[in-house]
Undergrad: 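One structure, as C-alpha cells, below. Some questions next.
Throughout, protein chains are lettered first and strands after them, A, B, ... in sequence-line order, and every chain is numbered starting at 1.
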Protein chains: 2
Amino acid sequence: MKIDPKSTADLSAQIAGAIRDAIMQGDLIVDERLPSEAELADQFAVSRPTVREALKRLAAQSLIRTQRGATGGAFVNRLSYPDAYAQQITTSTLLLSMNAISFETACEARYAMERACVPLAAQRRSRDHLATMRAEIHRQSQSGLTDEAFCASDVAFHRALVDGAGNPVLSYQLVGAVEAMQPLMNMITFTARSRDAIVALHVAIADAIDERDGVAASERLSALEAETLKLAHSVFVLRSAGQ
Amino acid sequence: MKIDPKSTADLSAQIAGAIRDAIMQGDLIVDERLPSEAELADQFAVSRPTVREALKRLAAQSLIRTQRGATGGAFVNRLSYPDAYAQQITTSTLLLSMNAISFETACEARYAMERACVPLAAQRRSRDHLATMRAEIHRQSQSGLTDEAFCASDVAFHRALVDGAGNPVLSYQLVGAVEAMQPLMNMITFTARSRDAIVALHVAIADAIDERDGVAASERLSALEAETLKLAHSVFVLRSAGQ
DNA sequence: AGACTTTTAAATGTCAGACAAATAAAAAGT
DNA sequence: ACTTTTTATTTGTCTGACATTTAAAAGTCT
C-alpha cells in the first residue's frame with residue numbers, strides 16, 4: 001500500500017483510500033487485523049493523529065472496527081446488513097432532501113422498485129410478513145393517529161412487503177428508497193378520507209399477496225402510487241395557494 | 001447539539017453523530033459553515049484532535065467538505081449524485097463480497113430491479129441511451145476481448161438501460177446493484193458461444209426498447225437472467241468438479 | 001484615486017510527545 | 001490448581017506547536 005506524495009488530497013484521505021482499496025480488492029480479508037496505529041504511522045511515514053483520522057474515515061463507512069487493549073487494534077469489519085441498511089438510508093435521505101428532487105421522481109422510483117418485489121413476494125410470502133402487513137394495516141386504521149405515526153406505519157407496511165420477497169439484497173436496496181421518502185411523506189397532511197383510501201389499498205395489496213396473485217398486487221400498488229401522487233399534488237396546490 | 005457523557009462510544013463518534021443528526025434534521029443547511037475546529041472543541045468540551053476525528057468521519061460520508069484558509073472551515077455538503085453513486089457502489093460491493101451471498105440471490109435482485117426500469121425506459125428512451133447501448137453491443141461483439149473488458153461493457157450496457165428510464169433516483173438505486181455484481185461476473189469465464197447468446201439478448205432488448213415495447217424488453221431481460229444463471233451454474237459446477 | 005504588492009490574521013493540515021483507560025497475557029502468590 | 005497481581009500493548013484523548021493555505025487588510029507606487 002502506497003500513497004502518492006504528489007497528490008493534493010489530505011494525507012488521511014489518501015491513507016484511507018489505500019486501505020479501502022486493499023479491503024475491496026481482497027488484500028485484507030474480513031476480521032484481519034491491521035497494523036497498530038504506530039506501525040501504520042511508520043509505514044506511511046506520517047504521524048499517529050493522521051493515521052487515526054484515516055482510520056476514523058474507514059470506521060464511518062463500517063469498513064473497520066477498533067478494539068482497545070493488548071490484543072486490540074483495527075480489524076476489517078464484515079459489513080452487516082444493519083450497517084449497510086443504515087448507510088443506505090442516510091445516503092438516500094440526504095440525496096433526496098438536498099437535491100430538490102420532485103416528489104414525482106422519488107415516488108416513481110420507489111414504486112417502480114416495489115413493483116419489482118411484488119411477484120417474488122406473492123410467490124414466497126410467509127406467515128410472518130403477512131401478519132406484519134395486517135398488523136400495520138390495523139394500526140393505520142385507528143383514529144387519532146398523528147400524521148407521523150401514520151407515515152411510520154406506512155413505511156413498516158411497505159418494508160414488510162419488500163421483505164416478503166425473501167431476497168435480502170433486494171430488501172437492502174429498497175430500504176433506502178422507502179425510508180428516504182418518509183420525510184417527504186411527512187410533509188403531507190393526511191385527511192381521514194385519504195387515510196381510508198390508502199388503508200383500503202393496503203388491504204387490497206395484502207389480500208393479493210395472500211392469494212399469491214402478483215399481477216393484482218402490482219396493479220393495486222400502481223393504484224396506490226396514483227393515490228399518493230394525487231394526494232401530494234392536492235397538498236402542494238393548497239400550500240402554494242396559501243402562500 | 002449535546003453529547004451524552006454516559007455513553008461508552010468514542011467521543012468523536014458521538015460528536016459526529018450529533019452533527020450528522022443536525023444535518024439530517026435540517027438544523028444545518030447546505031453550504032452552511034460549521035464553527036471552526038477550535039470553537040467546536042470548546043462547545044463539546046473536547047480537544048481539537050477529537051473534533052477533527054469527528055469531522056473526518058462526516059467527510060467520509062460526504063456530509064461535509066473542508067476548506068483551508070482565512071474564510072475556510074467545514075461546510076455542509078450538498079450530497080451530489082456522483083458522491084451518492086460512489087457510496088452506493090462501495091457499500092453494495094462490500095455487502096455482496098463479505099456476506100457469502102449466493103450468485104442466485106444477487107442476480108435475482110439485480111434483474112428484478114432492472115425489470116422495474118424497463119417500462120419507463122421503453123417509454124422515455126432517448127437517442128443517446130440507445131446509441132450507448134448499441135455502441136456497447138458492438139464492443140461486446142468484437143473477438144479477442146478479455147473477460148474483464150466484456151464484463152465492463154456489459155455493466156455499461158445495463159447502466160445505459162437503467163439510465164434510459166430517465167429517473168435519476170432510480171439510476172442511483174440501481175447503480176449499486178449493477179456494479180456490485182461485476183466482481184461476481186468477473187469470476188465467470190465467457191466462452192465465445194455464451195458471449196454470442198448474451199449479445200443476441202442485448203440486441204433483442206435494445207430493439208424492444210427502441211420499439212417502445214416494454215413487455216417484450218422485460219421478457220428478454222428475464223431470458224438474459226436465465227442465461228446468466230445457467231452460465232454461472234455451469235462455471236461453478238466445472239470449478240467444483242475441478243477441485 | 002486607483003492598481004499593485006505586502007502583510008496579517010484565521011483556518012485547516014500535520015507533527016511530537018504525553019498520559020489515561022482498557023484488555024489480555026504473563027507472573028506471582030496462595 | 002486456582003486466584004490475584006503485574007505488565008505490556010493498544011486505542012482514546014489531551015496539550016502545544018508549527019506548516020500551509022487563503023482572503024482580507026494595509027501599505028506603496030504610479
Side-chain angles (χ1 to χ4, degrees), chain A residues 1-20 23 28 30-77, chain B residues 1-20 23 28 30-77:
Chain A
M1 283 187 297
K2 280 284 163 58
I3 56 177
D4 177 13
K6 288 187 296 269
S7 169
T8 62
D10 292 357
L11 288 174
S12 69
Q14 290 180 57
I15 293 167
I19 298 176
R20 180 167 31 239
I23 293 174
L28 294 169
V30 167
D31 293 334
E32 185 172 343
R33 184 180 174 282
L34 271 64
S36 72
E37 293 175 357
E39 285 173 305
L40 286 172
D42 276 350
Q43 284 183 26
F44 288 109
V46 297
S47 66
R48 197 164 76 104
T50 302
V51 167
R52 280 183 61 80
E53 287 178 8
L55 294 180
K56 295 311 168 196
R57 293 179 117 107
L58 300 174
Q61 294 181 302
S62 303
L63 267 76
I64 62 167
R65 62 178 185 279
T66 55
Q67 214 173 357
R68 296 222 276 197
T71 59
F75 298 84
V76 177
N77 194 36
Chain B
M1 282 186 298
K2 281 282 164 61
I3 56 177
D4 177 14
K6 291 187 295 271
S7 169
T8 62
D10 292 1
L11 288 175
S12 68
Q14 291 180 57
I15 293 168
I19 298 176
R20 179 166 32 239
I23 293 174
L28 295 168
V30 167
D31 291 334
E32 185 172 341
R33 184 179 174 283
L34 271 64
S36 72
E37 293 175 355
E39 286 172 304
L40 285 172
D42 276 351
Q43 284 182 26
F44 287 109
V46 298
S47 67
R48 215 186 117 206
T50 301
V51 167
R52 282 182 61 80
E53 287 177 7
L55 294 180
K56 295 311 168 196
R57 293 178 117 109
L58 299 174
Q61 294 182 303
S62 302
L63 267 76
I64 62 169
R65 61 177 186 279
T66 54
Q67 215 173 356
R68 296 223 278 196
T71 60
F75 298 83
V76 178
N77 194 36

Undergrad: Given C:dG13, C:dA11, C:dA16, identify the nucleotide with an atom nearest to the side chain of A:Pro49.
TA: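 Nearest to the side-chain atoms of A:Pro49, counting from C-beta on, is C:dA16.
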Undergrad: Any salt bridge (charged side-chain N to carboxylate O under 4.0 Å, His left out) pairs touching residues 38-50 of chain A, not counting sequence neighbours?
TA: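 Residue pairs passing salt bridge (charged side-chain N to carboxylate O under 4.0 Å, His left out), neighbours aside: A:Glu37-A:Arg48.
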Undergrad: Just the endpoints, please: which first and last nucleotides of DNA chain D, 5' to 3', lie under 4.0 Å from a heavy atom of chain B?
TA: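 Contact span on the strand: D:dG12 to D:dA23.
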Undergrad: Let me confirm one number: the CD1-CZ distance from B:Ile15 to B:Arg52, rounded to the nearest 0.5 Å.
TA: 13.5 Å
Undergrad: Which whole-number value in Å describes the distance from A:Glu37 CD to C:dG17 P?
TA: 17 Å
Undergrad: To the nearest 0.5 Å, tell me how far A:Leu40 CG sits from A:Ile19 CD1.
TA: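 With rounding to 0.5 Å, CG (A:Leu40) is 5.5 Å from CD1 (A:Ile19).
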Undergrad: Mind jotting down which residue pairs meet the side-chain hydrogen bond (donor to acceptor under 3.5 Å, both in side chains) criterion with at least one end in residues 66-77 of chain B? Sequence neighbours excluded, please.
TA: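 Residue pairs with at least one partner in residues 66-77 of chain B: B:Arg65-B:Asn77.
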Undergrad: B:Asp10 has an atom CG; how far is it from atom P of C:dA21, in whole Å?
TA: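 Computing the B:Asp10:CG to C:dA21:P distance gives 15 Å.
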Undergrad: Calculate the interatomic distance between A:Arg52 atom CZ and C:dA18 atom C1'; express it in whole Å.
TA: 14 Å
Undergrad: Output the rounded distance in Å from CZ (A:Arg33) to C1' (C:dT23).
TA: 13 Å
Undergrad: With a 4.0 Å heavy-atom cut-off, tell me which residues in residues 61-76 of chain B come close to DNA chain D, sorted by residue number.
TA: B:Arg68, B:Gly69, B:Ala70, B:Thr71
Undergrad: Give the rounded distance in Å between these two atoms: NZ of A:Lys56 and P of C:dG13.
TA: 17 Å
Undergrad: In Å and rounded to the nearest 0.5 Å, what is the CG to CZ distance from A:Leu63 to A:Arg57?
TA: 13.0 Å
Undergrad: With DNA chain C as reference, determine whether A:Arg48 or A:Ser12 sits nearer its 5' end, using the nearest nucleotide of each.
TA: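 It is A:Ser12, whose closest nucleotide lies nearer the 5' terminus.
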Undergrad: Tell me, please, which residues at least two apart from A:Ala41 pass side chain to side chain contact (heavy atoms under 4.5 Å, CB included).
TA: A:Val51
Undergrad: Return the CG to CG distance between B:Leu28 and B:Leu34, rounded to the nearest 0.5 Å.
TA: 5.5 Å
Undergrad: Do any side-chain nitrogens or oxygens of A:Thr50 fall under 4.0 Å of OP1 or OP2 in C:dC15?
TA: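 Checking A:Thr50 against C:dC15: at least one side-chain N or O falls below 4.0 Å of OP1 or OP2.
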Undergrad: Looking at side-chain heavy atoms only, is the closest gap between A:Glu53 and A:Asp10 below 4.5 Å?
TA: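 No. Closest side-chain heavy atoms not under 4.5 Å.
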Undergrad: Applying side chain to side chain contact (heavy atoms under 4.5 Å, CB included), can you list everything that pairs with A:Ala70, at least two apart in sequence or on another chain?
TA: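 A:Ala70 satisfies side chain to side chain contact (heavy atoms under 4.5 Å, CB included) with no residue once adjacent residues are dropped.
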